[in-house]
Amino acid sequence: MLNPATGAFENELRGHLPDRVFRPLTPAYLEERRGRYKGAGGLLLAPETTEQVSRIVQACNAARVAVVPYGGGTGLVGGQVKPDLPVPVILSLERMQALRGIWPDENLMVAEAGMVLEQVQNLAEDAGRLFPLSIASGGSARIGGVLSTNAGGVNVLRYGNARALCLGLEAVLPNGEIWHGLKRLHKDNTGYDLRDLLIGAEGTLGVITAAVLRLFARPQDEGAALMVVPSPKAALGLLTIARAEAGDMVSAFELISGQGVQFLRETMPDLRLPFAEPPEWMVLVDLGVSGGLKAQTLLEQIYLKAAEAGLTENGLIAQSETQRRQFWQMRETIPEANKRIGAVVSNDIALPLGEIPAFIDEMSAEIRACGPFRINCFGHLGDGNLHYNIFPEKGGNRSTYDDRREALKDMVQRRVVAMGGTISAEHGIGRLKVADLQRHENPAKLAAMRAIKSALDPNGIMNPGVVLSQSVAP
Ligand SMILES: Cc1cc2nc3c(=O)[nH]c(=O)nc-3n(C[C@H](O)[C@H](O)[C@H](O)COP(=O)(O)OP(=O)(O)OC[C@H]3O[C@@H](n4cnc5c(N)ncnc54)[C@H](O)[C@@H]3O)c2cc1C
């Protein structure tokens, strides 16, 4: 049984923490972007040091008060809000933004969890390095949230997801103890890996307070091209050619559907789009090259080889950085257009690359047989991660399909799992997919997850109801 964060609990804490840690709770901390969940209230605390985080978590554990870690609030599965009672402590990392150190020659930096992703990227750039994790919410998402959701983004193909970009962590465990794991080591085989447990745990196993982040040499030249392809199968053929020509210098390989471009036209008529008539499928290929090579030349080579093989029909190679940014702006604005249209169901899935063409064909036929739905299938094709979103017919309203949402979602998830895929590739489980995980995940893994949760957080205070269905009580 958990207890609410009452006035008496707050008064007790005030004896141990500076006044500035106690912040007025504004509505923003109780909302999430897609409007699916609304927080029931809470005591907002914004500590400045790891010791203060520890003090807060210790008090919460002793009083059985829930803790909801809060980064930038951009998570898409509702993990950062607690809609049910009792009200929790909302623990915002926003004031822990220090750069604890940067080692350009080791390609490492240590940042506190509240540092905004864009700031991490800027500091790396100031040191002549690259922090490659790139997501459209990078101006708000904080590094603790990015790690806790194991965020992916557009450069996973080349550099890996958040987990691959982190060498060590400092965290406060559910009993308030501080784990000092900020090792600048690439190799450390000393038993169970707490870092890997906490990354992607969505705040259910502790609070991340700082991280050792991997940096990379900046590419000497960058370029992008939009290539029109006849089908997703051809897009994969083009990926093979791109990798044969440019190897690991392919930084991103994004699939864009004509439906997505159509949504941009419908919702943002002033946005400049590269093609007068949106093709049914295109890919955005981005290269970051070194060794005296020119990105444009390589992109031309890729285009010619793909055209010879009948894999592309048309294309545009960015002639300037401004044009490259325009291509990216189109890609990165698609989620906003989706939001304005209003999806009946959104899916963040991953599949083995070779299964993707059959999945798209068969799934779309199955969905269209159910009604006049529009499908926007787009995303990080290079690493097998697609956003497969289903929308009402033009002029229709998503609420018309409220009673069919679950059935449509289940249809997609069943096919994904049957084809060896996953129902959550990069957004996590949060509150939104708890039942889906329960339904589709391997029972042995679920049992192990529960055992871990119960061992580390026996009172079930850390983000209850997120990832796993119920808090683990003694
Ligand atoms: C426009 C847009 C585009 C996006 N694009 C992508 C994308 O391409 N790829 C992708 O993977 N994701 C994407 N996301 C979602 C992505 O998960 C979040 O943007 C980001 O990773 C979460 O960071 P945050 O600081 O906002 O975390 P929050 O939303 O505040 O929290 C997310 C979860 O992490 C927990 N948490 C937060 N901080 C900590 C901490 N310090 N310790 C422990 N737990 C913590 C919270 O309790 C919650 O469960 C996108 C979101 C938006 C709005």
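We use all heavy atoms of the structure for the numbers below, so side chains are in, but hydrogens, waters and symmetry mates are not. What you see is a predicted model; the values in this text were computed from it and never measured. Every number for a ligand or one of its atoms is a count from 1 in the order of the listing.
Counted by atom type alone, Tyr388 and Ser364 present one or more donor-acceptor pairs between their side chains at under 3.5 Å.
Listed as neighbours of ligand 1 are Arg33, Pro69, Tyr70, Gly71, Gly72, Gly73, Thr74, Gly75, Leu76, Gly79, Gln80, Leu93, Ala113, Ile135, Ala136, Ser137, Ala141, Arg142, Gly144, Gly145, Val146, Ser148, Thr149, Ala151, Gly152, Gly153, Glu202, Gly203, Gly206, Val207, Ile208, His380, Glu426, His427, Asn463, each bearing a heavy atom under 4.0 Å from the ligand.
Taking Asp410 as the reference, Arg414, Arg439 meet the salt bridge (Lys or Arg N to Asp or Glu O under 4.0 Å) condition, with sequence neighbours excluded. Partners of His180 by side chain to side chain donor-acceptor pair (under 3.5 Å), not counting sequence neighbours: none found. Applying the salt bridge (Lys or Arg N to Asp or Glu O under 4.0 Å) rule to Lys183 yields the partners Asp188; only residues at least two apart in sequence or on another chain are considered.
At a threshold of 4.0 Å, the pair Glu125-Arg129 does not count as salt-bridged, since none of the basic side-chain nitrogens sits closer than that to a carboxylate oxygen.
If you look at Phe263 and Phe391, their ring centroids are closer than 6.0 Å.
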